[in-house]
Each structure stands twice: as structure tokens, then as C-alpha cells.
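Keep in mind the model is a prediction, meaning the values are calculated, not measured. Both counts, for ligands and for their atoms, begin at 1 and track the order of listing.
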Amino acid sequence: MADDESVTTLEDLRTDLAQRYKWTSSSGSSVDPAIVDADWAALDREGYVIWESLLSAEECREINDVVRPWLGHTGRNSFEGKRTQRIYSVLSRTRVCDRLVDHPRVLAVLDRLLMPNYLLSALQAINIQPGESAQLAHHDDGFYPIPRPRAPLAAATIWAIDDFTADNGATVLYPGSHRWGKRRPGPNDPLLPVVMPAGSCVFFVGTLWHGGGANTTARDRLAVTAQYCQPWLRPMEAFTLSISREIAREVSDDIRRMLGYSIHPPFVGAVDGLHPLRLLDEPT
Ligand SMILES: O=C(O)CCC(=O)C(=O)O
């Protein structure tokens, strides 16, 4: 590619080699740039931003009604949480969480943070039960073996489906820790429980230290987390294997692109040398 004088930057390469599928903007472009600027400033300063009440009570109830019957076994280790129930591959089961995955407010920030055609890395429901202890602090792009300090390789949203309170397992963040180098959180580092009403969302960069909180109440804490990564990284969940082509046709353009029906130019993600969207043109 380096010898091709017509190709100078990644911007030139936002389409496939056959020029058949052009780059299209995400629904994030519908958000007022001044709002995105403010979100961006908060992310740069603190590593996170909280958006209150993006979902209605009715939307939270619908998600709760669909997800709750699937909750079964608890985690297989203390990281998953011995008193925490997780549903993986939510996109293969229901459409009720789609509007969280491709929410314009989320995509507007991702459009600035990550490279074009960033991917969905995980979509999980997480139910922290009474008696669960605090999860080990971690940062979500920590499993990519690239030393810190560095720019985030990923980002996460956690959507409160139940109210998040200081004692029911609300996600706990270490503000500003996205800038840390090698060190881990210590006992003197200030912690912030993300207290927010149901329907709210906390967005944080993949370098921010955080964890699920302890639940000392008698009630569950249900959340949905969508995580995203650079388009040149391997996502946590192999969505191209777990999501059928029927579902890939059904979801929004933004979700389809984030599932892997997209290219990181010039050819990362290609199928038999072609753009993966061609698979959806074929009968299944
Ligand atoms: O459920 C939460 O609040 C956070 C969970 C988390 O960070 C994780 O499992 O990676």
C-alpha cells in the first residue's frame, strides 16, 4: 500500500478496496457538538462522564422484564463475582438493549476517542446480588499487553437498570486514574461510587481503574454494560461467531458496523478479500 501514491492517510482508506461500501457517519453526528465538547472535556479531566436519565422508566422496565428471567448461575470466580449473575452475548438474545449500544450520546464520544469503524467488544447484563463484595479494581483495556501510560484502546458504558446507590453495588471509579502509569489503586486513592438513578449511564475510558461495588443491601443491582474497542483489536466477545446473519441484517447500521461488518482499512476484517457486508447480500 505504501507505494500507492493515491493513498496518503487513513482518512483516504475509510472505504473498502473495491470502493463499494463507503464510510458513513454514526448517529453520534446528530448530537450538538457543544455537548460532545463538554463530555470530551470531562473524559479528558476525570476519565469518565455520567449522563443521568437517558432511558425512561418504561425502557428500564422492559429491559428488566426481558433480562431478569435469564439470570441463573453466579460467577465462576471472584472477578465475575460469586454473587453476581452475568448474561453474555445479549445481542444474540434480544433487541431491547440495542438502543443502549448505539445511543447517539455514546457514539458521539466514541467517534472522537477511537478510530473509524471501532468495534463492540462486549454486551453483558450484570446483576450484583445482596452480599456481593467489591470486585477487584481493574481497567477494561488491561488485557491488551501494551504498557501504560497510553491513550485508551477501549471504552465502556455501564447503564443503571436499577437505581445505583452507594451501598447496592454501584460501580466504583478512581477519578483521574486513566492518566496513571504502571501503578494500581491503593487504600489512599479517592474512590467514587457512581450513584445515579435507573436509566442513567456512566461512560469511561478503558484506562480508568474501576470495579463493581459491594452490595450490602437486600436488593439486586441490575446493569447493562456495552464495551467498545479500537477496530484493530480483538474484541472480548466474538460477535461475528455468536450473532447470526439474520440478526446482523436486523440491527442498525451502527451496530452492524460495530459487530465487525466493517473494515479497518485497508483490509483488517475482510472476508475472502472482500468487505464483510457482502455476506449479508448473499442468501443464508
Ligand atoms: O458491574 C459493574 O459495576 C462493573 C463490572 C466490571 O467492571 C466488570 O465486570 O468488568
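When each atom of ligand 1 is checked for a heavy atom of His210 under 4.0 Å away, the hits are 7 (O). Listed by atom number, the atoms of ligand 1 under 4.0 Å from Ile126 heavy atoms are 1 (O), 5 (C). Within ligand 1, the atoms closer than 4.0 Å to a non-hydrogen atom of Gly212 are 2 (C), 3 (O), 4 (C), numbered from 1 in the order shown.
The option with the heavy atom closest to atom 8 (C) of ligand 1, from among His139, Gln135, Glu132, is Gln135. For atom 4 (C) of ligand 1, the candidate residues are Ile158, Val172, Thr84; the nearest heavy-atom contact is made by Ile158.
Taking His139 as the reference, Asp141, Arg148 meet the side-chain hydrogen bond (donor to acceptor under 3.5 Å, both in side chains) condition, with sequence neighbours excluded.
The residues Asp220 and Arg68 are annotated as salt-bridged, a charged nitrogen and a carboxylate oxygen being separated by less than 4.0 angstrom. Between Arg105 and Asp39 a salt bridge is recorded (basic side-chain N to carboxylate O distance below 4.0 Å). Salt-bridge formation is detected for the pair Arg99/Glu59: a Lys NZ or Arg NE/NH1/NH2 atom is positioned less than 4.0 Å from an Asp or Glu carboxylate oxygen. A salt bridge links Asp37 to Arg112: one of the charged nitrogens lies within less than 4.0 Å of a carboxylate oxygen.
Using modelled atom types and a 3.5 Å distance limit, the side chains of Thr84 and Glu132 yield a donor-acceptor pair.
Neither the backbone nor the side chain of Met236 comes within 4.0 Å of ligand 1, counting heavy atoms alone. Residue contacts with ligand 1 for Arg221 involve side-chain atoms from C-beta outward but no N, CA, C or O (heavy atoms, distance under 4.0 Å). Heavy atoms from both the backbone and the side chain of Thr171 come within less than 4.0 Å of ligand 1. At a heavy-atom distance under 4.0 Å, no atom of Thr225 approaches ligand 1.
Contact annotation: Glu80 has no heavy atom less than 4.0 Å from any atom of ligand 1.
With rounding to the nearest 0.5 angstrom, the CH2 atom of Trp51 is 8.0 Å from the OG1 atom of Thr157.
Nearest protein heavy-atom neighbour of atom 9 (O) of ligand 1: Arg86 NH2, 2.9 Å. The nearest protein atom to atom 10 (O) of ligand 1, hydrogens excluded, is given as His138 NE2, 2.9 Å; this is a heavy-atom distance.
Panel note: side chain Gln230, backbone Leu153; no donor-acceptor pair is recorded below 3.5 Å.
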